[in-house]
Number of protein chains: 2
Amino acid sequence: MRISDLIAEYIIKVVAEENGSALLSRSELAERFRCVPSQINYVLTTRFTPEHGYTVESRRGGGGYIRVSRVQMTRDRLIMHVVNTIGSQLDAASAAAFLSNMRQAEVISDEEYRLLAAALSDQALAAAADKNIRDMLRASILKRCLLQLT
Amino acid sequence: MRISDLIAEYIIKVVAEENGSALLSRSELAERFRCVPSQINYVLTTRFTPEHGYTVESRRGGGGYIRVSRVQMTRDRLIMHVVNTIGSQLDAASAAAFLSNMRQAEVISDEEYRLLAAALSDQALAAAADKNIRDMLRASILKRCLLQLT
DNA sequence: ATAGTCAAGGTCAAGGTTGGTCAAAGTCAG
DNA sequence: CTGACTTTGACCAACCTTGACCTTGACTAT
């Protein structure tokens, strides 16, 4: 049984409950899980790195603390930018350009690119005879999908 | 009989009992079959490859483990089956069921699942006022996307 | 102000617990 | 006898846990 995983699980839960940013006490955590305080540092450095989507700030001394926050990744920012740029309609050419750019910037993977390209293709949307409707569909489908990647 | 075959047989049995995915301990297996631990690796690498229909993940250190999972029917076969099952129209509930099943069967990844669910949602397709049109769109979008995964 | 105290958190290395690798030696069918 | 497959064991790598010792900062007595 790995204590580190239990601790990590607990921190993740608290951060989620606290809306993305939690104030913790190393000694309290150590006591709660009956481990040495330094184990908390181990958990933080191995499981709460930026790569894992978290940042950790702390302060020593009286009233010290450890703050664990979920970080908003670059990818998310880029995605949000695109989402905000898309209007209520999106023609096939513009959609292709967006996808190509995002692929280029590695905001989306090759597989995601292909999936989205297929979903936004004129063929996939052929059931909507009206071009304006198709363009509206493209915009809303792309937006919803991109938001899912957040 | 060869020890390797006994070990393989045992692992196959456990994986089957555990519903396709078993958590094993190399040292326990080695002890059970009175062999050196590395023989377990030999068995795994020679008899539990993707070609054999299995995947193996593992982790070292305290609380380490070896997970052996049976690989699902080939992705492409399942995908084609789904594509052929989908008619010309697909309502939201049916689409959700298809996606859920494919996710469960690991035919699609979690990310693909979320993307597709977003793309096929009634909200994404709201621009098509007519339900029949929406259902047609859902069918063609799903089909085209699934074929992209082939 | 200054220095001392004490309550935080930080570092690091040692030791423990798994699983991984590789090559030598063994076995066995053809 | 030979080549493919199997078995072993020495050595390696990854991950986890613990504890001794260090640093920082708020507070307090002088």
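All of these numbers come straight from a predicted model, not from anything done at the bench. Residue numbers begin at 1 in each chain, while the letters A, B, ... track the order of the sequences.
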Checking all strands, does B/M1 fall into the base, sugar-phosphate, or nothing category for heavy-atom contacts under 4.0 angstrom?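 Answer is nothing: B/M1 stays at 4.0 Å or more from every strand.
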
Tell me what A/R47 touches on the nucleic acid: a base, only sugar-phosphate, or nothing, going by heavy atoms under 4.0 Å.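 Sugar-phosphate only.
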
Could you pull out all residues at least two apart from A/D110 that satisfy side chain to side chain donor-acceptor pair (under 3.5 Å)?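 Applying side chain to side chain donor-acceptor pair (under 3.5 Å) to A/D110 gives A/R103.
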
Taking only residues two or more places apart in sequence or in another chain, which ones pass ring-ring contact (aromatic ring centres under 6.0 Å, His included) with [X]?
{"X": "A/Y42", "result": "none"}
{"X": "A/F98", "result": "none"}
{"X": "B/Y65", "result": "none"}

According to side chain to side chain contact (heavy atoms under 4.5 Å, CB included), who are the partners of [X], at least two apart in sequence or on a separate chain?
{"X": "B/Q89", "result": "B/N132, B/D135, B/M136"}
{"X": "B/S21", "result": "B/R67, B/S69"}
{"X": "B/I12", "result": "B/F48, B/Y54"}
{"X": "B/M1", "result": "B/D5, B/L6, B/E9"}

So, using salt bridge (Lys or Arg N to Asp or Glu O under 4.0 Å) as the criterion, who are the partners of A/E111 when residues are at least two apart?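 Residues passing salt bridge (Lys or Arg N to Asp or Glu O under 4.0 Å) with A/E111: B/R75.
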
Can you sort out which residues in residues 2-16 of chain A have a heavy atom within less than 4.0 Å of DNA chain D? Ascending by number, please.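 Contacts with DNA chain D under 4.0 Å: A/R2, A/I3, A/S4.
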
Which parts of nucleotides 18-30 of chain C does protein reach within less than 4.0 Å, heavy atoms only, written one letter per nucleotide 5' to 3' as B for base, S for sugar-phosphate only and - for none? BBBBB--------

Of all nucleotides in DNA chain D that come within under 4.0 Å of a heavy atom of chain B, which is furthest toward the 5' end and which toward the 3' end?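 On DNA chain D, the outermost contacted nucleotides are D/dC5 to D/dC16.
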
Is there a side-chain contact between A/L125 and A/I141 (heavy atoms, below 4.5 Å)?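 A side-chain contact exists here, since the closest heavy-atom pair is under 4.5 Å.
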
